[in-house]
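Quick one: this structure, given as structure tokens, is what I'll be asking you about.
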Amino acid sequence: FGWTDQYKATVSVLYCTYNTIMFNVRHAVLASLLYLVTSNIVLEITTEDQFIQEVSGGLSLVEFYAPWCGHCQRLEPIWNEAAVALNEKVRMMKVDCTVESNQKICKQYHILGYPTIMSFNDGIGHVYEGGRTLEDLLSYEYEPSISVISSEELSRIKENAGEHSYVVGFFPENDPSIDILGHLGHVFKKDHIFHAVTNLELAKQEGLSGRGVIIYKPFDEKKSLFEVDDQFNPSEVQEFIRQESYRLFTEMTSENYKFITDRGLPIGWLFVKGSDDDNSKAAMELLSTNAHITKNKMSLVWMDGSVYPEMAQRVGLSGSSFPSFSVEKPPTENHPFSSEGTSLPDVIDFIKSFL
């Protein structure tokens, strides 16, 4: 092993080291360039007014984050790449929820964990439920979720309303309200299928005076109507759909608890003993039949008191005798119904006294 071989080996090592260094340099330069490009594409929100202005026009995807969040840090390069790829289609934004000027925004949209991603269509926002890989972000359906249907298809929808819930907008052809309603289709896609009808004669046949929205649903009154004036107000229509998606008499669960309590209405609590108890069945049937009197005045719910006795005790009941009923008036009033010396139908008069 002579000097020449040692020299060649040294040169080889130096060459490999040089290539490694240059690769890392090129990688760092490209990364820096990508950061400079994407930092101008991803909009950092700093004020509430800026946020309202930016999400009110077109399609946008907003990441609510905290700088210390590890998941947010891992998402950042993917978010930046998606911003470049979606630049002509979707505006990508970020809201730092630890910044004082953004606190109101994060509270308004109930941001409890990071990162939370929301999609906005002309100011209408809903939680993004897609994946967080680059491929997921690029393939997500951002456009309005609605289809225009014929009178024959409307008839089929009405026939199928016993199985599914449909939101149908009645607007003239090319009315921008159709796309706005379609944006709401993303918000309620778990609960409703969205369609539009452009024949306003059909709207009149369905009970509307002109432009409007009808929900065909498999529960309660089966059909709910909303008249739309000259100006389509997305917030009003969204609230209409949200309220009409709620069953007048429903089981209280962890999923709907916040929605029901946020309504600010008195809550009528029925506690039953399992699903096979005859007295509990009779009580549920009675409240279900009369639930229409409570619409927009009281939230009527039931729970299995044998499983959740502590919930019955929280509203002033024993938690051991079923069926039992109590009305909770926010914020802290409880009015248990006394069944002694009364018959089951008397609970309806008790409910009426709070309406």
Side-chain angles (χ1 to χ4, degrees), residues 59 119-122 124-130 139-251 253 255-256 259 284-285 288-292 294-296 300:
L59 302 171
S119 176
F120 287 83
N121 298 280
D122 294 328
I124 302 169
H126 69 279
V127 175
Y128 167 86
E129 296 176 343
S139 62
Y140 187 72
E141 183 184 354
Y142 296 99
E143 297 298 333
S145 180
I146 195 168
S147 60
V148 177
I149 59 173
S150 65
S151 58
E152 291 79 11
E153 289 170 309
L154 178 63
S155 296
R156 285 196 290 271
I157 281 175
K158 292 163 64 177
E159 292 172 1
N160 293 331
E163 301 175 7
H164 303 285
S165 185
Y166 299 89
V167 175
V168 181
F170 293 81
F171 300 102
E173 191 174 356
N174 298 322
D175 189 323
S177 300
I178 294 176
D179 277 349
I180 298 175
L181 183 64
H183 294 326
L184 289 174
H186 288 293
V187 181
F188 298 101
K189 66 181 180 180
K190 281 186 175 180
D191 303 310
H192 305 286
I193 301 170
F194 278 64
H195 294 296
V197 171
T198 57
N199 183 347
L200 293 190
E201 286 301 317
L202 288 175
K204 294 178 181 178
Q205 292 175 20
E206 292 299 309
L208 294 169
S209 61
R211 299 161 73 242
V213 177
I214 296 178
I215 302 177
Y216 300 93
K217 52 191 178 180
F219 55 87
D220 297 334
E221 64 270 49
K222 309 299 183 183
K223 186 168 78 170
S224 299
L225 285 70
F226 183 87
E227 300 276 358
V228 173
D229 297 327
D230 294 337
Q231 185 74 27
F232 186 103
N233 187 317
S235 297
E236 290 181 359
V237 176
Q238 182 171 350
E239 183 61 19
F240 161 73
I241 298 173
R242 190 172 77 98
Q243 292 291 345
E244 294 300 325
S245 301
Y246 165 76
R247 293 175 182 264
L248 296 179
F249 179 49
T250 187
E251 182 180 10
T253 67
E255 293 182 353
N256 62 14
F259 167 72
M284 292 184 68
E285 179 64 27
S288 179
T289 302
N290 291 275
H292 62 278
T294 67
K295 186 170 184 178
N296 298 325
L300 204 57

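This chain uses plain numbering: 1 for the first residue, then up along the sequence.
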What is the distance from atom OG of S177 to atom CZ of F170, rounded to the nearest 0.5 Å? 14.0 Å
May I ask you to decide whether E159 forms a salt bridge with R156, counting only side-chain N to carboxylate O separations under 4.0 Å?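 Between R156 and E159 there is no salt bridge, as every charged N stays at least 4.0 Å from the carboxylate O atoms.
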Taking only residues two or more places apart in sequence or in another chain, which ones pass salt bridge (Lys or Arg N to Asp or Glu O under 4.0 Å) with E153?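 Partners of E153 by the salt bridge (Lys or Arg N to Asp or Glu O under 4.0 Å) criterion come out as none, since no residue qualifies.
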Got a sec, which pairs hit salt bridge (Lys or Arg N to Asp or Glu O under 4.0 Å) with one end in residues 191-201, sequence neighbours left out?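 Passing the test, one end in residues 191-201: no pairs.
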Identify the two heavy atoms, one from Y140 and one from H126, that lie closest to each other, and give their separation to 0.1 Å.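 Smallest interatomic distance, heavy atoms only, reads OH-NE2, 3.4 Å.
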Check S151 against L202 and note the closest heavy-atom contact, atom names and distance.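 In terms of heavy atoms, the two residues are closest at CB-CD1, 3.5 Å.
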Which heavy-atom pair separates I215 from V167 by the least distance, and what is that distance?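 Heavy-atom minimum between the residues: CG1-CG2, 4.1 Å.
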As a quick check of understanding, evaluate side chain to side chain donor-acceptor pair (under 3.5 Å) for E152 and S150, giving each step before the final call. CA-CA 5 Å; E152 291 79 11; S150 65; 3.2 Å; yes
What residue pairs, at least two apart or across chains, pass salt bridge (Lys or Arg N to Asp or Glu O under 4.0 Å) with a residue in residues 164-182?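 Every salt bridge (Lys or Arg N to Asp or Glu O under 4.0 Å) pair that includes a residue of residues 164-182, provided the two are not neighbours, is D175-R211.
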Once rounded to the nearest 0.5 Å, what's the spacing between atom OH of Y246 and atom NZ of K295?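 Nearest 0.5 Å value for the OH-NZ distance: 12.0 Å.
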Roughly how far, to the nearest 0.5 Å, is CG of D220 from OG of S288?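 Going from the OG atom of S288 to the CG atom of D220 covers 7.5 Å.
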About how many Å separate CG of L181 and NE2 of H195, when rounded to the nearest 0.5 Å? 11.0 Å
Not counting sequence neighbours, list each pair that qualifies as a side-chain hydrogen bond (donor to acceptor under 3.5 Å, both in side chains) and has a residue in residues 227-238. S209-E227
Counting heavy atoms not belonging to K189, are there more than 12 under 6.0 Å from its NZ?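 Yes.
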Listed partners of K158 passing side chain to side chain donor-acceptor pair (under 3.5 Å), at least two apart: E206
Distance-minimising heavy-atom pair for F171 and V213: CZ-CG2, 4.2 Å
With no hydrogens and no angle check, is any side-chain donor or acceptor of K223 less than 3.5 Å from a backbone partner on G207?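 Here the side-chain-to-backbone pair does not exist.
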Indicate yes or no: at least one non-hydrogen side-chain atom of E244 is less than 4.5 angstrom from one of E221. yes
Of all the heavy-atom pairs spanning L184 and F194, show the shortest one and how long it is.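 Taking every non-hydrogen atom into account, O-CZ, 3.8 Å.
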Flag the pair L154 / Y216 as yes when at least one side-chain heavy-atom distance between them is below 4.5 Å, and no otherwise. yes
Sub-4.5 Å side-chain heavy-atom contact between V228 and L208: no
Please name all residues satisfying salt bridge (Lys or Arg N to Asp or Glu O under 4.0 Å) with R247, sequence neighbours left out, ordered by chain then number.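 With neighbours one apart ignored, the set is empty.
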Are any of the side-chain heavy atoms of F232 and P176 separated by less than 4.5 Å?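 In short, these two side chains do not touch, never coming nearer than 4.5 Å.
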Over all heavy atoms of both residues, which pair between N256 and E251 is shortest? Give the atoms and the distance, please. ND2-O, 2.8 Å
Please round to the nearest 0.5 Å and tell me the distance separating atom CG of N290 and atom CD of E285. 9.5 Å
